[in-house]
There are 2 protein chains.
Amino acid sequence: MTERVDKFAARRAELAAATLRTLAELGYARTSLREIAQNSEFSHGVLHYYFRDKVDLITHCVREYKAICVTRYDQVVATATTPAQLQEGFLDKLAQTLVEEPQMHRLWYDLRNQSMFEETFRADVAAIDASLERMVWRVVTRFAELVGTTPLVTPSVMYALFDGLFQQALVRQLAGEAGAAADLRAAVTAVVAQVVPLDREPALR
Amino acid sequence: MTERVDKFAARRAELAAATLRTLAELGYARTSLREIAQNSEFSHGVLHYYFRDKVDLITHCVREYKAICVTRYDQVVATATTPAQLQEGFLDKLAQTLVEEPQMHRLWYDLRNQSMFEETFRADVAAIDASLERMVWRVVTRFAELVGTTPLVTPSVMYALFDGLFQQALVRQLAGEAGAAADLRAAVTAVVAQVVPLDREPALR
DNA sequence: AGAAACTCTTGACAGTCGTCAAGACACCTA
DNA sequence: TAGGTGTCTTGACGACTGTCAAGAGTTTCT
């Protein structure tokens, strides 16, 4: 009984993985169910056995995608004992995922964009956005704690700043610009220097 | 002769406007030539009389869209004589366009996202991005000039920060959140306060 | 071993897509 | 008035889409 459920869930996950690969490669606009099936080892009909329809399939993938992203920097936060360690570890991870998984990131921005047109995805996208914001905030507050200060902007502003920088770097990376990752590191460093003060005075102006 | 050319160009512009309306409403993924034609006063066949194919049509629209955006804050920059005037004028325009034209803005982000998947749009999108960056930089440097300081970040970082904030506000605005525009004003104000110092010391740390 | 339940393939359906050719219509010129 | 040019509509084409029903194949249970 439970093994049946497990196998069912495993197949769903397998098909979801194929869907994510296809979406990352082609983008939302040009991803079809037959294309997804060709990226798996099954035929196109099986997708309607494991998922109600296309929206159900993609929604499930988006939810699964969330789990991958959100814990990316947790280990860095947990192990760093100095500001420099945390900053370097964070920048390393950031540059690494930019270079190694740009397809997954452009997929995320593609889906977030779709949520501006389609009500369907809005709730899931908003939930992921919120958890990404919390992730960024964990990093920044831990950094400020190690420095002995507090951030000068709110969590949502902090997230928007990082997101803007990362998105710009992503566009450049996918356009083939060699310096994209290095520029991202420099940009994040510069912004953090302005927004998380190094000295102990909390600078209320 | 020239009137023929003018009429031809006028029709192209008319169809391009219908295309932009359709794209802003439906997004790139769900915009078809027949839908565009229904948003104009012509039939679907005429689009291939004035444009080579769909890519040619959309590329032309993207280029035309550029002209609308880039001059948005020029008058504010030209007329403001105090930092407060410039800041208020800029924030007003920013909040106004967020509330009044959110469809056009989500279209821009949609097209920029497509450029991460389709080589075709990449050059045009990059050109628009660069001119938007210059626009932001004109505003910021003029502001710094009026204050008597210089910005602490590069033009591309500055643009990425504003873009991140605006995009976040846009998602919220389109989700129906009432405070999106007000939050954007506050966020931009807070970031500018950190990145363009009010005092005369250029804060090289 | 036979029956039942689960899994997957195949093929078709109604619809939409971009594209284009054929022709109708309007307008200007000789 | 006849012919030519520019403009626009209509209808069709092949290809592609999401969806689903019919059935074959496989596994599990009694």
Side-chain angles (χ1 to χ4, degrees), chain A residues 1-62 110-111 114 117-121, chain B residues 1-62 110-111 114 117-121:
Chain A
M1 163 70 183
T2 55
E3 51 189 272
R4 278 275 175 229
V5 175
D6 287 353
K7 195 181 174 191
F8 190 85
R11 229 352 86 83
R12 271 175 71 98
E14 195 177 345
L15 292 171
T19 305
L20 277 177
R21 279 197 303 273
T22 311
L23 282 168
E25 184 191 352
L26 298 179
Y28 177 83
R30 300 192 296 184
T31 294
S32 68
L33 296 182
R34 284 171 175 82
E35 194 76 33
I36 293 170
Q38 275 194 331
N39 275 15
S40 79
E41 53 180 345
F42 304 101
S43 68
H44 69 275
V46 81
L47 289 167
H48 279 87
Y49 182 75
Y50 286 98
F51 299 92
R52 187 166 10 96
D53 54 16
K54 194 183 181 184
V55 171
D56 182 34
L57 169 61
I58 292 188
T59 301
H60 180 268
C61 289
V62 173
D110 198 13
L111 293 176
Q114 284 304 314
F117 292 94
E118 287 191 53
E119 173 74 35
T120 316
F121 300 151
Chain B
M1 163 68 180
T2 57
E3 51 189 273
R4 279 280 176 225
V5 174
D6 287 353
K7 193 182 175 190
F8 190 85
R11 237 338 95 83
R12 269 175 75 97
E14 194 178 346
L15 292 171
T19 304
L20 277 177
R21 279 198 302 274
T22 311
L23 282 168
E25 184 192 352
L26 299 179
Y28 176 83
R30 299 192 297 184
T31 293
S32 68
L33 296 183
R34 286 171 174 81
E35 194 76 34
I36 293 170
Q38 275 194 331
N39 276 16
S40 77
E41 52 179 347
F42 304 101
S43 68
H44 70 275
V46 81
L47 288 167
H48 279 87
Y49 182 75
Y50 287 98
F51 299 92
R52 187 166 11 96
D53 54 14
K54 195 183 182 185
V55 170
D56 182 33
L57 169 62
I58 292 188
T59 301
H60 180 267
C61 289
V62 172
D110 199 13
L111 293 176
Q114 283 305 314
F117 292 94
E118 288 192 53
E119 173 75 35
T120 315
F121 300 152

Engineer: When rounded to the nearest 0.5 angstrom, what distance separates NZ in K54(A) from OG1 in T59(A)?
Structural biologist: 11.5 Å
Engineer: Mind jotting down which residue pairs meet the side chain to side chain donor-acceptor pair (under 3.5 Å) criterion with at least one end in residues 35-52 of chain B? Sequence neighbours excluded, please.
Structural biologist: T22(B)-N39(B)
Engineer: Report the residues that fulfil ring-ring contact (aromatic ring centres under 6.0 Å, His included) with F51(A), sequence neighbours left out, ordered by chain and then residue number.
Structural biologist: H60(A)
Engineer: Name the pairs: protein N/O against N/O of nucleotides 18-25 of chain D, kept only if under 3.5 Å.
Structural biologist:
residue : atom : partner : partner atom : Å
dG18(D) : OP1  : K54(A)  : NZ           : 2.7
dG18(D) : OP2  : L33(A)  : N            : 2.9
dG18(D) : N7   : R34(A)  : NH1          : 2.8
dG18(D) : O6   : R34(A)  : NH2          : 3.1
dT19(D) : OP2  : H48(A)  : NE2          : 3.2
dT19(D) : OP2  : K54(A)  : N            : 3.0
dT19(D) : O4   : R34(A)  : NH2          : 3.4

Engineer: Calculate the interatomic distance between D56(B) atom CG and dG18(C) atom C1'; express it in whole Å.
Structural biologist: 14 Å
Engineer: Which residues pass the ring-ring contact (aromatic ring centres under 6.0 Å, His included) test with F121(A), not counting sequence neighbours?
Structural biologist: Y28(A)
Engineer: Reckon F51(B) touches a base, only the sugar-phosphate, or nothing at all at heavy-atom distances under 4.0 Å?
Structural biologist: nothing
Engineer: Could you tell me how far apart I36(A) (CD1) and dC16(D) (P) are, to the nearest whole angstrom?
Structural biologist: 16 Å
Engineer: Whole angstrom is fine here: how far is it from CD in Q38(B) over to P in dT16(C)?
Structural biologist: 11 Å
Engineer: To the nearest Å, give me how far apart CD (E35(A)) and P (dT17(D)) are.
Structural biologist: 7 Å
Engineer: Give the rounded distance in Å between these two atoms: CD1 of I58(B) and P of dC17(C).
Structural biologist: 13 Å
Engineer: Restricting to salt bridge (charged side-chain N to carboxylate O under 4.0 Å, His left out), what partner residues turn up for E25(B), sequence neighbours left out?
Structural biologist: none
Engineer: When rounded to the nearest 0.5 angstrom, what is the spacing between CG in D110(A) and CG in L23(A)?
Structural biologist: 8.0 Å
Engineer: Rounded to whole Å, how long is the line connecting atom CG of L47(B) with atom P of dT19(C)?
Structural biologist: 10 Å
Engineer: Please report the distance, rounded to the nearest Å, between CZ in R30(A) and P in dC16(D).
Structural biologist: 14 Å
Engineer: Give me the residues of residues 13-27 of chain A where at least one heavy atom lies under 4.0 Å from an atom of DNA chain D, by number, or none.
Structural biologist: none
Engineer: Name all residues meeting the salt bridge (charged side-chain N to carboxylate O under 4.0 Å, His left out) criterion together with E119(A); count only those two or more places apart in sequence or in a different chain, and write none if there are none.
Structural biologist: R122(A)
Engineer: Need one value for F42(B): base, sugar-phosphate or nothing, where a base atom within 4.0 Å counts as base even if backbone is also close, heavy atoms only.
Structural biologist: sugar-phosphate
Engineer: Pull out every protein N or O sitting under 3.5 Å from an N or O of nucleotides 22-26 of chain C, one pair per line with the distance.
Structural biologist:
none

Engineer: Any salt bridge (Lys or Arg N to Asp or Glu O under 4.0 Å) pairs touching residues 13-22 of chain B, not counting sequence neighbours?
Structural biologist: R11(B)-E14(B)
Engineer: Could you give the NZ-to-C1' distance, from K7(B) to dG6(D), as a whole number of Å?
Structural biologist: 8 Å
